[in-house]
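I have placed the structure first, in the form of C-alpha cells, so that the comments after it can refer back to it.
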Amino acid sequence: MNRVVSGFGMTSQRTRARMIERLREQGIDDEEVLAAIAAVPRHVFVEEALASRAYEDTALPLGFSQTISQPYVVARMIEVLCAGGRRLGKTLEIGAGCGYQAAVLAQLTDEVYAVERIAPLLAKAKLNLRAINQMKVRLKHADGRLGLPEAAPFDTIIVAAAAIRVPPALVQQLAPGGRMILPLGVATQQHLALIENQGEAYVETSLDTVRFVPLLTGVE
Ligand code: SAH
C-alpha cells in the first residue's frame, strides 16, 4: 500500500523544506544533493509510528537492530562523492536497510545497485522503493563485504555500515577514477574514509567522525 499521505501535517512539503534548510545550515551546499534529498519522502521509509519524526535530522530505528541513516550523513557522504562536479555513474550501495539512501542515490544517477544482508529488511526496501515509484534500484540479498562482482566495476561505492578495515573486494571493484566512501573503525571511534582509484594508486583521505552500525559477515 502506498503510504505517502499528502496534506498530513508532519510529512508536508514545509516540514521537508525545513530539513533542507537545516542541512544547508550544517554546511551542505551542493544544490543537486539537496534537491535529491528534498525529492525523497523519508516518512515512507520509516516505521509508521515514527513518521512524524521522519524529517528530524536523526537516525531512526528500522528493526533488526538497524537504523535509517541520518539525513545529514547521507547528504555529506554523497556530497563528498560528487565533489569537483563528478557524476556518480554506476553506483553500489552496501547496506540498503530500508532503501532510503538508495532512493536518494537514484535521484542522482541511473544505475544504482544496493546490497543488504538481512532478508526482511531487503523486502522492506523493495516495498518502500515501489511505494515511491522508484524502480531503478537493483537490490540484492548478499554479504556486501564481497561487493557485487557480477555488476563490477563501479564508479561509486558507498557503504552504510562501519568496517574495521577496508574490504579488499570493494577496492577491487572500484573502476579507475572511481570513488568509495565508507565508515571505518569500531563503535565509538569511527571516521569516514574516501578512497579514490587513481589508476596507478589508491588514495585514502580521512574525513568526519561518524557513528554507524557495524558491517557484519554473512547473510540472515
Ligand atoms: N542505507 C540505509 C542504512 C541502513 S543501516 C538507509 O538509507 O537508511 C546499515 C545497513 O547495513 C543495515 O541494514 C545492515 O543490515 C546492513 N549491513 C551490515 N553489514 C552488511 C553486509 N556485510 N552486507 C550488506 N549489508 C550489511
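Both counts, for ligands and for their atoms, begin at 1 and track the order of listing. Start at 1 with the first residue, then count along the sequence.
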Quiz item: For K126 and E116, what are the C-alpha separation, side-chain angles and deciding distance, and is it a salt bridge (Lys or Arg N to Asp or Glu O under 4.0 Å)?
Solution: CA-CA 11 Å; K126 252 180 212 161; E116 171 56 53; over 6 Å; no
Quiz prompt | More than 12 heavy atoms from other groups under 6.0 Å of CZ on R86 | solution = yes
Quiz item: Under a 4.5 Å cut-off applied to non-hydrogen side-chain atoms, are E31 and R24 in contact?
Solution: yes
Self-check item: NZ or CZ of R42 within 45° of Y55 ring axis and under 6.0 Å
Solution: no
For a distance cut-off of 3.5 Å, show me each N or O of ligand 1 paired with any protein N or O, plus the separation.
{"residue": "ligand 1", "atom": "1 (N)", "partner": "E93", "partner atom": "OE2", "Å": "2.8"}
{"residue": "ligand 1", "atom": "1 (N)", "partner": "G95", "partner atom": "O", "Å": "2.9"}
{"residue": "ligand 1", "atom": "7 (O)", "partner": "Q101", "partner atom": "N", "Å": "2.8"}
{"residue": "ligand 1", "atom": "8 (O)", "partner": "S69", "partner atom": "N", "Å": "2.9"}
{"residue": "ligand 1", "atom": "13 (O)", "partner": "E116", "partner atom": "OE1", "Å": "2.7"}
{"residue": "ligand 1", "atom": "13 (O)", "partner": "E116", "partner atom": "OE2", "Å": "3.4"}
{"residue": "ligand 1", "atom": "15 (O)", "partner": "E116", "partner atom": "OE2", "Å": "2.6"}
{"residue": "ligand 1", "atom": "19 (N)", "partner": "L216", "partner atom": "N", "Å": "3.0"}
{"residue": "ligand 1", "atom": "22 (N)", "partner": "D143", "partner atom": "OD1", "Å": "2.9"}
{"residue": "ligand 1", "atom": "22 (N)", "partner": "L216", "partner atom": "O", "Å": "2.6"}
{"residue": "ligand 1", "atom": "23 (N)", "partner": "G144", "partner atom": "N", "Å": "2.7"}
{"residue": "ligand 1", "atom": "25 (N)", "partner": "R117", "partner atom": "N", "Å": "3.3"}

Exercise. Supply the members, apart from V166, of the Ile/Leu/Val/Met/Phe/Trp/Tyr cluster built from side-chain contacts under 4.5 Å; use none for a lone residue.
Key: L92, I94, Y113, V115, L148, F154, I157, V159, L170, V171, L174, M180, L182, L184, I195, Y202, L215
Quiz item: Under a 4.5 Å cut-off applied to non-hydrogen side-chain atoms, are Q107 and E32 in contact?
Solution: no
